[in-house]
Protein chains: 2
Amino acid sequence: MKKQKTRDHIIEAADQLFYQQGYEHTSFAHIADDVKISRGNFYYHFKTKDEILDAVISARLDKTRKMLSQWEQGGTSPQDRIKCFIRILITNRDKILNYGCPVGTLTTELAKLNHASRAEANALFTLFRCWLQEQFIQIGCQEDDADERAMHLLARSQGVATLASAFHDAKFIDQEVTQMCEWVDGYAPV
Amino acid sequence: MKKQKTRDHIIEAADQLFYQQGYEHTSFAHIADDVKISRGNFYYHFKTKDEILDAVISARLDKTRKMLSQWEQGGTSPQDRIKCFIRILITNRDKILNYGCPVGTLTTELAKLNHASRAEANALFTLFRCWLQEQFIQIGCQEDDADERAMHLLARSQGVATLASAFHDAKFIDQEVTQMCEWVDGYAPV
DNA sequence: GTCTATATAGAGATAGAC
DNA sequence: GTCTATCTCTATATAGAC
């Protein structure tokens, strides 16, 4: 556990850099610089760049699962829980304005690279999708309908992140978040 | 004009490859291979990779302007013209399922690379944004309101492309296109 | 576990012949 | 206008000392 301190630092630095600069554009040298270790030492912890990517995705999956289960406990109604999801656009506004959505931009990049870990990255989307579907089911939606709404919300969040980043427009995020929250409240107890 | 045949071939090949594999991931060698010229000849036409990117963006801007002015003539009502925009998701469905939206994925990549041509790529978004705004004004919206709706539609299209690509889900595109078309018709003559 | 030094491959870019 | 040959730089990855 304690022995893996450097390894964890590498994962954390890689996570940030992959998000800010993209996976391919980020070099070992850059990560090593951030962690303040030599490039040689690097390979003691990870044999290939792909291994770091897998570790980063794995860490993001863990973090996301924890976040979702926290929302699960926090919200009093499924609508409230869904609004927790919508409001991450506000919580992470500054980062989104600069680098877009960490999930969307990674999956898009890996798709273009036709990368082996593409499926793992997509699992991040699936995590949100299934969680949202479950909330819509609790509202009273049928399974298919709930999934459709989950996808709808995911897509809107993605679009908002992309456009807000392109135009560096914080106000647009706020507007759309408000609209999405209203949309969710429109599906109040059926 | 006729002398630029090779140059045009390069731009066209680069355009496709940048879309399918991303800008950074596409090498001169790959483009040259596609065009069936040597890497050396390449540099007669373009001195740097950035120059090709600018030429590609410029070509995309031209093509987009032509497409928008065609829609301008084709549609009988502003609603119809806006639906032309929405339906490109259907027209380009197969490519979108594989590579996402060419505008969104390029601007996102250039943003992460902090590339000098980032603004030029964003101009592609602006082209659609202003055109859509104009249509909403013709429907009867105020200027600010029209822009808000333009951004809203752009964002939804982006989100649909991103999610459809991640889950390789053609049906999702169709569903969302239907919903967006209904949304537009909801803004019939005010 | 961390370092320095080095191997190897691929990229962008140039020079000069044809 | 197109080619071959080559330069240079940077990236991933390895070897071996400490």
Side-chain angles (χ1 to χ4, degrees), chain A residues 1-57 59 106 109-110 112-118 120-121, chain B residues 1-57 59 106 109-110 112-118 120-121:
Chain A
M1 278 292 182
K2 208 171 167 211
K3 274 182 149 185
Q4 300 203 332
K5 232 173 60 177
T6 304
R7 193 178 193 275
D8 288 341
H9 284 162
I10 291 173
I11 295 174
E12 206 185 308
D15 191 350
Q16 290 302 309
L17 289 171
F18 289 171
Y19 176 36
Q20 293 168 8
Q21 318 188 326
Y23 169 68
E24 196 173 29
H25 189 63
T26 302
S27 67
F28 279 6
H30 200 150
I31 303 173
D33 256 33
D34 262 34
V35 184
K36 290 177 179 52
I37 57 168
S38 70
R39 267 172 298 160
N41 184 8
F42 208 102
Y43 287 88
Y44 171 79
H45 300 280
F46 294 98
K47 276 185 266 298
T48 67
K49 199 180 174 182
D50 291 355
E51 271 187 30
I52 310 173
L53 176 61
D54 283 339
V56 166
I57 294 174
L106 182 65
E109 182 181 3
L110 296 184
K112 299 236 182 215
L113 302 180
N114 200 18
H115 194 284
S117 301
R118 198 191 161 180
E120 274 94 319
Chain B
M1 279 292 183
K2 209 173 163 212
K3 273 182 147 186
Q4 300 204 332
K5 234 175 61 178
T6 303
R7 192 177 193 275
D8 288 342
H9 284 162
I10 291 173
I11 295 173
E12 207 187 308
D15 191 351
Q16 290 303 310
L17 289 171
F18 289 170
Y19 177 37
Q20 292 168 9
Q21 317 188 326
Y23 169 68
E24 195 173 30
H25 189 62
T26 301
S27 67
F28 280 4
H30 201 149
I31 304 173
D33 255 33
D34 262 33
V35 184
K36 288 177 182 50
I37 56 169
S38 70
R39 265 172 301 158
N41 184 10
F42 208 103
Y43 287 88
Y44 172 79
H45 300 281
F46 294 98
K47 277 185 264 299
T48 67
K49 198 180 175 183
D50 290 354
E51 272 186 29
I52 312 172
L53 176 61
D54 284 339
V56 166
I57 294 175
L106 183 65
E109 182 182 2
L110 296 186
K112 298 235 185 215
L113 301 181
N114 199 18
H115 194 284
S117 301
R118 197 191 162 180
E120 274 94 318

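Chain A is the first sequence line, chain B the second, and so forth, proteins listed ahead of strands; every chain is numbered from 1.
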Just how far, in rounded Å, is [atom2] of [N] from [atom1] of [X]?
X	N	atom1	atom2	answer
A:Lys5	C:dT2	NZ	P	9 Å
B:Tyr44	D:dT4	OH	C1'	18 Å
B:Asp33	C:dG12	CG	C1'	16 Å
B:Phe46	C:dG12	CZ	P	14 Å
A:Asn41	C:dG1	CG	C1'	6 Å
B:Ile37	D:dG1	CD1	C1'	10 Å
B:Ile10	D:dT2	CD1	C1'	11 Å
B:Ile31	C:dA13	CD1	C1'	14 Å

_Let me test you: for the helix from C:dG1-D:dC18 to C:dC18-D:dG1, what is the angle between the axes at its two ends (five pairs each), rounded to 10 degrees?_
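One end axis against the other gives 0°.
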*Classify every nucleotide of nucleotides 9-14 of chain D by which part a protein heavy atom approaches to under 4.0 Å, writing B for the base, S for the sugar-phosphate alone and - for neither, in 5'-to-3' order.*
--SBBB
Just so I know, are the side chains of [X] and [Y] near enough to count as touching, which here means a heavy-atom distance under 4.5 Å?
X	Y	value
A:Thr6	A:Ile37	yes
B:Leu53	B:Leu106	yes
A:Tyr19	B:Lys112	yes
B:Leu113	A:Gln21	no

*Would you list the pairs meeting side-chain hydrogen bond (donor to acceptor under 3.5 Å, both in side chains) in which at least one residue belongs to residues 31-44 of chain B, sequence neighbours left out?*
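Listed by first then second residue: nothing to list.
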*Could you list the residues that satisfy side chain to side chain contact (heavy atoms under 4.5 Å, CB included) with B:Glu51, not counting sequence neighbours?*
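Checked B:Glu51 against side chain to side chain contact (heavy atoms under 4.5 Å, CB included); matches are B:Phe46, B:Lys47, B:Thr48.
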*For B:Asp50, what residues pass the side-chain hydrogen bond (donor to acceptor under 3.5 Å, both in side chains) criterion, not counting sequence neighbours?*
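Here the qualifying residues are B:Tyr23, B:His115.
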*Pairs flagged by salt bridge (Lys or Arg N to Asp or Glu O under 4.0 Å) wherever residues 11-21 of chain B is involved - sequence neighbours left out*: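 Non-adjacent pairs meeting salt bridge (Lys or Arg N to Asp or Glu O under 4.0 Å): B:Asp15-B:Arg60.
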*Can you list every pair that meets salt bridge (Lys or Arg N to Asp or Glu O under 4.0 Å) and has a residue in residues 18-29 of chain A, with sequence neighbours left out?*
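Passing the test, one end in residues 18-29 of chain A: no pairs.
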